[in-house]
Amino acid sequence: MEVTGTREAFAQMLSERGVYKKLGVDRSTVAGWKRRLSEGHSISLDKMEEMLLKYGCTVIQEKVWKV
């Protein structure tokens, strides 16, 4: 499944049942991330990318910057 945006991909990953096992984190950690996202709080981009890669997600298109 293709998802646009790191935050959206992270939220999609968290919606998978038993994701905490695959990530090697506590169930309460995943619950905390879900709660933070639902309340509109941020989670660091580095942490989201780390967990997405650990889950087995791949980046299809790198970020493009024009300065």
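Position 1 is the first residue of the sequence, and the numbers go up from there. Quantities reported herein were computed from a predicted structural model and do not represent experimental measurements.
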Hey, what do you get for [atom1] ([X]) to [atom2] ([Y]), rounding to the nearest 0.5 Å?
X	Y	atom1	atom2	result
I43	K34	CD1	NZ	11.5 Å
K21	R27	NZ	CZ	7.0 Å
M48	S42	CE	OG	7.5 Å

Quick check: closest heavy atoms across [X] and [Y], and the distance to 0.1 Å?
X	Y	result
W33	L23	CZ3-CD1, 4.1 Å
Y55	E16	OH-CG, 3.3 Å
L45	T6	CD1-CG2, 3.6 Å

message = So, applying side-chain contact (heavy atoms from CB on, under 4.5 Å) with F10, which one of R7, Q12, M13, E8 is it?
response = M13
task = Would you indicate whether the side-chain heavy atoms of E50 and K54 approach each other to under 4.5 Å?
result =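 Heavy-atom side-chain distance check fails, nothing below 4.5 Å.
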key: V3-L14 co-clustered via ILVMFWY side chain contacts under 4.5 Å   =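 Shared cluster, no.
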